[in-house]
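Have a look at this one.
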2 protein chains.
Amino acid sequence: MKRKVTLKQIARELDVSISTVSKALRNSIEISEDTRQKVQAFAKLYNYRPNNIALSLKNRKTKTIGIIIPEIVHHFFSKVISGIEAVANKRGYNVIVGLSNESFAKEVINMEMLANGSIDGFILSIAKETQQQQDYHHFTETINQGMPIVMFDRVVNDIKCDKVIVDDAEGAKLAVNKLIQCGCKNIAIVTTKDYVSVGKLRTQGYLEALEDHKMSPESSLILKVHDQLLSEDHLDSLEIEIENLFKNNKNIDGVFAVNELYAITAMKVARKLGFKIPEDIQIVGFTDGVLSKHAVPALTTVSQHGKKIGEKAAELLINNLEREDEEDVYETVVIETELIERKSTK
Amino acid sequence: MKRKVTLKQIARELDVSISTVSKALRNSIEISEDTRQKVQAFAKLYNYRPNNIALSLKNRKTKTIGIIIPEIVHHFFSKVISGIEAVANKRGYNVIVGLSNESFAKEVINMEMLANGSIDGFILSIAKETQQQQDYHHFTETINQGMPIVMFDRVVNDIKCDKVIVDDAEGAKLAVNKLIQCGCKNIAIVTTKDYVSVGKLRTQGYLEALEDHKMSPESSLILKVHDQLLSEDHLDSLEIEIENLFKNNKNIDGVFAVNELYAITAMKVARKLGFKIPEDIQIVGFTDGVLSKHAVPALTTVSQHGKKIGEKAAELLINNLEREDEEDVYETVVIETELIERKSTK
DNA sequence: TTTCAACACGAAAACGTTTGCGCTAGTCTT
DNA sequence: AAGACTAGCGCAAACGTTTTCGTGTTGAAA
């Protein structure tokens, strides 16, 4: 087992100085053709590769991006990661992943672990608990220390950083408009509590769409799912809540769900109650994941283009990192949503 | 924007030496109570944190694990990552992710990028293309350079490293036995080409289960899906292949699919052809993902316990990294599979 | 008063790079 | 032949740590 070879070892072996070796490898004109050849041959033979850590220390940049997301076993987030990874790799960056598990404490710890030199900047989506507590000091602090952040999807407005979001309200309007256009008169929404920023925005879009069509929203049609973070038997209670929604409002003929899981659960419950989809009840979801695509009937849904979000976030971050002038001008990029029409609407 | 504070700056500010600051912060008894307090107070005030990169360079270990997987937008792999991340974090390690996209070249490049000091060891699952080409030099090389590897799921036997696998053949037998026990007489299998190790093993298990019950396998019931790696319209051709399987074998009353996607596609096609599930045809899948759970009817499937695989892999790697004695003794851990019975079987 | 241990701290090396600058010897110019 | 120039290479600093080994100052013991 031969350890990785270093400049020093090559230098000793070839009886030249470390600097000579380094320069020879980088094709410096200071070095004679002879020595250069000799060094390069030797380096190739021993498969020399510069030590990244040493380079990071010297250059004070790591060429690594830190990602903090609430969970990874989630179609949207893994899509985003794949987008980030694609452009990061293309531009010579690595990607290091931390999971907050929706916990404030883990988010803070993870960021602290990475912020001490391990990475050049963050791409993150905020944990639910953080949104609930509205404690954002860890973001401002890292930014103050000169480490840029790009937030995506779940963002907080008053932090000075780049952001990549979808127009959640607009996407929701797309969905609800579709339902209205397909003849729905009593459209329910299955959404989250308001502290989840995206849920709130989508609810808002739902309300706006109704208003645009002179339909007055009814509070009994708005289900804000009790979200206990510990999603174990969460699924059961979700079903029960939705079932009650249907039972208390027999006239529902359309459902807009703010995420995929809510949507297919609604579909499942509706079918259990004897409704036909899309004949009796039409359903539109949000987030184009694997569930929507393979549900029966396939779910009409609003696609967020997760991969594109990731790509854009990575671009913003890397551009920022490699920008010469240190002007603090922050962008908020809105990725277009798109209604993907499938079989759960007429 | 204040940059991160270093020992040197604290030293200058307090008019002591760097060593004193370092020792004071680590509560060395060499330092007087007075100075210690002073230094610690100052450090706290300026929120000093040791630079990870410098530590990595000095200690020649990064406390970081490199993960290379074929794709991340995949329930199983993200489950594994979440498992790795959990134990890595608990033991003070970070996790850096590289995606091979099933490509040999990207796998090699990614490994080279990380192997130059960025990480202490690898956890990986081999790209399909690599399995096809059977070129494993990048694995042996990294191992030779003293960097340990743990392989999971898709492994190659003759590499000397720890491995975490499920007993694919055994899991497949579980599935097929279930079908037999539920009265199936003509059981088809939808599997991959043989170069995918797990596909091959699961096919093997299928054959063994049949033999155990004195049922002779028929080659027309074995569909090895043509897998063109570029899975764009892959889905369509998959449907067509499965449809042909059914049409050419009208007597099929049970299907074992080696992954989730194949399983629910089989379900979809069967239903399209007018079969009732599980009355006419029963189906069992492999991998307990989100699709299985939410399919209608919910899919009976073999769970691999992806998270547990990740946890075990991380444990093996970290134990290896932190072991004093350098003995090369490699383990292959088999994670139990489990049949999760749902509604697609009687 | 001398000697010596204990105490408190600093210098420097090491991890592996890159790079500006200085040095030496040989060649060219006049 | 003396000075100027240049090719080719090495020294040393720097990045931020930790740690070993001094070193100087005290106070007390002899």
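So you know, we letter chains A, B, ... as the sequences are listed, proteins then strands, and number each from 1.
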Residue pairs, two or more places apart or on separate chains, that pass ring-ring contact (aromatic ring centres under 6.0 Å, His included) and touch residues 116-154 of chain A: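 Non-adjacent pairs meeting ring-ring contact (aromatic ring centres under 6.0 Å, His included): F104(A)-H138(A).
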Using whole Å, report how far CZ of R12(B) lies from C1' of dG16(D).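 About 13 Å, once rounded to whole Å.
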Please work out if R49(A) contacts a base, only the sugar-phosphate, or nothing of the nucleic acid, heavy-atom cut-off 4.0 Å.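 It contacts sugar-phosphate atoms only.
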Counting only N and O atoms by type, is there a donor-acceptor contact under 3.5 Å from the side chain of D162(B) to the main-chain atoms of E331(B)?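 Looks like yes, one N/O pair under 3.5 Å.
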By the 4.0 Å heavy-atom rule, please label T35(A) as base, sugar-phosphate, or nothing.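 Counting heavy atoms under 4.0 Å across all strands, the contact made by T35(A) is with sugar-phosphate only.
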Mind checking if L7(A) touches a base, just sugar-phosphate, or nothing, with heavy atoms under 4.0 Å?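 Answer is base: heavy atoms of L7(A) come under 4.0 Å of a base.
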Interatomic distance, D34(A) CG vs dG8(D) P [rounded to whole Å]: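 My rounded result for the distance is 9 Å.
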I'd like a table of atom pairs between the protein and nucleotides 19-23 of chain C - only N or O on both sides, under 3.5 Å - with the distance next to each one.
residue	atom	partner	partner atom	Å
dG20(C)	O6	K23(A)	NZ	2.9
dC21(C)	N4	E30(A)	OE1	3.4

Counting only N and O atoms by type, is there a donor-acceptor contact under 3.5 Å from the side chain of K160(A) to the main-chain atoms of Y330(A)?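 Side chain of K160(A) to backbone of Y330(A), a donor-acceptor pair under 3.5 Å: no, none is there.
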Figure out the CG/P separation between L14(B) and dG10(C), and round it to whole Å.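 Answer to the nearest Å: 11 Å.
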Separation of dC15(D) P from D120(A) CG (nearest whole Å):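 In whole Å, dC15(D) P lies 17 Å from D120(A) CG.
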Short of 4.0 Å, heavy atom to strand atom, which residues of residues 59-66 of chain B count as contacting DNA chain C?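 Close to the strand are R60(B).
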Give the C-alpha distance, both sets of side-chain angles, the deciding distance and a yes or no for side-chain hydrogen bond (donor to acceptor under 3.5 Å, both in side chains) between N51(B) and K4(B). CA-CA 9 Å; N51(B) 181 307; K4(B) 293 234 66 173; over 6 Å; no
Look at E322(B) together with R91(B) and state whether they make a salt bridge at an N to O cut-off of under 4.0 Å.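 Salt bridge: yes.
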Closest-nucleotide 5' rank along DNA chain C - winner of K8(A) and S17(B):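 First, find each residue's nearest nucleotide; the 5'-ward one identifies S17(B).
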Smallest separation among heavy atoms of C161(B) and I143(B), with atom names: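 Heavy-atom minimum between the residues: CB-CD1, 4.2 Å.
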Round to a whole Å and report the spacing from CG of N27(B) to C1' of dA8(C).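 One finds 16 Å between C1' of dA8(C) and CG of N27(B), rounded.
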Which nucleotide wins on minimum distance to the side chain of V16(A), given the candidates dG16(D), dC15(D), dG10(D)?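 Of the candidates, dG10(D) comes closest.
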Mind calculating the distance between CG (N51(B)) and C1' (dT18(D)) to the nearest angstrom?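 Value for this atom pair: 13 Å.
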Select one nucleotide: of dT17(C), dT18(D), dC9(C), the one nearest the side-chain heavy atoms of I31(B).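 When the side chain of I31(B) is considered, dC9(C) is the closest of dT17(C), dT18(D), dC9(C).
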Using only atom types and a distance under 3.5 Å, with no angle test, would you say the side chain of R154(B) pairs donor to acceptor with the backbone of I126(B)?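 Looks like yes, one N/O pair under 3.5 Å.
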Can E315(A) and K312(A) be counted as an ion pair, charged N to O under 4.0 angstrom?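 So E315(A) pairs with K312(A) through a salt bridge.
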Under 4.0 Å between a side-chain N or O of S32(A) and OP1 or OP2 of dC9(D)?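 S32(A) to dC9(D) OP1/OP2: side-chain N or O found under 4.0 Å.
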Could you tell me the separation between the CZ atom of R36(A) and the P atom of dA7(D), rounded to a whole number of Å?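 To the nearest whole Å, that distance equals 13 Å.
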With a 3.5 Å distance limit and no angle check, can you tell me whether S78(B) reaches the backbone of H74(B) through a side-chain donor-acceptor pair?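 Judged by distance alone, yes, a pair lies under 3.5 Å.
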For E85(A) versus G98(B), what's the shortest heavy-atom pair and its separation?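 Shortest heavy-atom contact: OE2-CA, 3.8 Å.
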Within this structure, what is the CD1-to-P distance between I29(A) and dC9(D), rounded to whole angstrom?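 Between P of dC9(D) and CD1 of I29(A): 13 Å.
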